[in-house]
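From a predicted model like this one, the values you see are computed outputs, not experimental measurements.
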Amino acid sequence: MKEAVALSEAAVKHGNEPFGAVLVKDGEIVYTNENQIYSINDPTFHAEAGLIRRFCAETGITDLREYTLYSSCEPCFMCSGAMVWVKLGRLVYGASNTDLEEILGNKGCNCSRIVFDNSFWKPEITEGILRDQALAILESYFRNHQKG
């Protein structure tokens, strides 16, 4: 999770929004990604969806039931849907979507739970790991930037 939070900081340094993701298998980091929506001009290239897209393309592995994905912030509906399609085993995140939306002045929801609870595949979820660190980065960034 520390690496996911660090990647969220790196995303900002690279001109993107502060989100990072790390894929782990058997306690080892196997892939990392940061949000790249602005640097590659792809609004769907969130940290999590981008990680899944690239990891699967590079490895040929499309069944991630033995993997854990760590994310600095709860994944959106799109990214959560991608996790269903690859049958992700476990999701661990820091700040929740509700936390993020509160920073943005909106009412949020638990995107990942909504998607998983209404899908054929339900990854295990662990919430709030390093939440304060993830929140601090989000608050700092969105104090001076609009979302999207």
Side-chain angles (χ1 to χ4, degrees), residues 1-12 16-26 29-139 141-142 145-148:
M1 189 51 137
K2 288 179 184 176
E3 181 67 17
V5 171
L7 284 164
S8 72
E9 290 179 302
V12 172
N16 295 293
E17 293 181 350
F19 302 97
V22 174
L23 190 63
V24 172
K25 183 178 181 190
D26 300 327
I29 293 174
V30 296
Y31 212 85
T32 65
N33 193 55
E34 62 190 55
N35 179 292
Q36 296 174 55
I37 62 173
Y38 300 129
S39 59
I40 65 170
N41 300 307
D42 182 349
T44 68
F45 211 90
H46 294 189
E48 305 89 349
L51 181 149
I52 290 169
R53 194 177 305 152
R54 284 191 172 156
F55 177 78
C56 292
E58 290 177 19
T59 66
I61 298 168
T62 58
D63 185 329
L64 302 184
R65 70 183 76 213
E66 296 178 10
Y67 294 78
T68 298
L69 193 146
Y70 291 83
S71 180
S72 60
C73 186
E74 180 179 5
C76 71
F77 290 111
M78 176 187 68
C79 293
S80 296
M83 291 173 196
V84 168
W85 289 115
V86 296
K87 296 183 180 134
L88 181 69
R90 181 175 176 222
L91 167 65
V92 179
Y93 64 82
S96 70
N97 176 262
T98 304
D99 293 330
L100 172 61
E101 291 297 335
E102 186 175 299
I103 291 167
L104 299 172
N106 303 316
K107 182 180 179 194
C109 64
N110 289 106
C111 300
S112 54
R113 284 212 186 272
I114 291 170
V115 171
F116 298 161
D117 288 350
N118 291 286
S119 299
F120 71 95
W121 187 260
K122 296 167 184 21
E124 177 186 336
I125 300 174
T126 303
E127 308 170 38
I129 306 302
L130 299 183
R131 177 179 176 266
D132 291 342
Q133 292 92 322
L135 268 175
I137 296 164
L138 291 168
E139 288 170 342
Y141 178 83
F142 288 112
H145 297 86
Q146 294 265 341
K147 178 82 176 94

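Atoms OG and CZ, from Ser112 and Phe77 in turn, are 9.0 Å apart once rounded to the nearest 0.5 Å. Going from atom CG of Leu104 over to atom NE2 of His145 covers 12.5 Å, rounded to the nearest 0.5 Å. For the atom pair SG of Cys79 and CG of Leu69, the computed distance is 9.0 Å after rounding to the nearest 0.5 Å. The CD1 atom of Ile52 lies 7.5 Å from the CD atom of Glu48; values are rounded to the nearest 0.5 Å. Atom CD of Glu102 is separated from atom CG of Leu135 by 8.5 Å, given to the nearest 0.5 angstrom.
Between the side chain of Ser71 and the backbone N or O of Cys73 there is at least one donor-acceptor pair closer than 3.5 Å. Between the side chain of Asn106 and the backbone N or O of Gly108, no donor-acceptor pair lies under 3.5 Å. Judged purely by atom type and a 3.5 angstrom limit, Trp121 uses its side chain to pair as donor or acceptor with the backbone of Leu88. Under a 3.5 Å cut-off, the side chain of Asn118 and the backbone N or O of Ile114 do form a donor-acceptor pair. When atom types are taken as modelled, the side chain of Asn35 and the backbone of Asn16 share no donor-acceptor pair closer than 3.5 angstrom.
Thr32 approaches Ile29 most closely through the heavy-atom pair CG2-CG2, 3.7 Å. Residues Ala134 and Ser72 approach most closely at CB-O, 3.2 Å, considering heavy atoms. For the pair Ala47 and Asn33, the tightest heavy-atom approach, listed with the atom from each and the gap, is O-ND2, 3.0 Å. Of all heavy-atom pairs between Gln146 and Glu17, the closest is O-OE2, 4.0 Å. Considering every non-hydrogen atom in both Tyr67 and Asp63, the closest pair reads CE1-O, 4.1 Å. Taking both residues in full, the closest heavy atoms of Val5 and Ser8 are given as O-OG, 2.6 Å, listed atom of the first, atom of the second, then distance.
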Legend entry - From CA spacing to verdict: side-chain contact (heavy atoms from CB on, under 4.5 Å), Cys76, Asn97: CA-CA 7 Å; Cys76 71; Asn97 176 262; 5.7 Å; no
Inset, instruction - List the steps, then state whether side-chain contact (heavy atoms from CB on, under 4.5 Å) holds for Glu124 with Phe116. - result: CA-CA 9 Å; Glu124 177 186 336; Phe116 298 161; over 6 Å; no
Inset, instruction - In sequence, state the C-alpha distance, the side-chain angles, and the governing distance for Tyr31 and Arg54, and then conclude on side-chain contact (heavy atoms from CB on, under 4.5 Å). - result: CA-CA 9 Å; Tyr31 212 85; Arg54 284 191 172 156; 3.3 Å; yes
Inset, instruction - Take Ser96 and Glu74, measure what side-chain hydrogen bond (donor to acceptor under 3.5 Å, both in side chains) needs, and give me the verdict at the end. - result: CA-CA 5 Å; Ser96 70; Glu74 180 179 5; 4.7 Å; no
Inset, instruction - List the steps, then state whether salt bridge (charged side-chain N to carboxylate O under 4.0 Å, His left out) holds for Glu127 with Arg113. - result: CA-CA 11 Å; Glu127 308 170 38; Arg113 284 212 186 272; 2.6 Å; yes
Legend entry - side-chain contact (heavy atoms from CB on, under 4.5 Å) between Phe45 and Arg53, intermediate numbers included: CA-CA 9 Å; Phe45 211 90; Arg53 194 177 305 152; 3.0 Å; yes
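Screening residues 78-88 for side chain to side chain donor-acceptor pair (under 3.5 Å), with sequence neighbours left out, gives no hits.
Within a 6.0 Å sphere centred on NZ of Lys147, other residues, nucleotides and ligands contribute more than 12 heavy atoms.
Using a 4.5 Å heavy-atom cutoff, the side chains of Tyr93 and Ile125 are in contact. Proximity of Cys56 to Ile61: side-chain heavy atoms (C-beta onward) are nowhere separated by under 4.5 Å.
When each of Thr126, Val24, Leu130 is tested with Met1 by the rule side chain to side chain contact (heavy atoms under 4.5 Å, CB included), just one qualifies, namely Leu130. For the pairing with Phe19, the side chain to side chain contact (heavy atoms under 4.5 Å, CB included) check across Val12, Leu138, Leu7, Ile37 returns one residue only, Leu138.
With respect to Lys107 and Glu101, no salt bridge is recorded, no charged nitrogen being found less than 4.0 Å from a carboxylate O. Between Asp117 and Lys122 no salt bridge is recorded (no basic side-chain N to carboxylate O distance below 4.0 Å).
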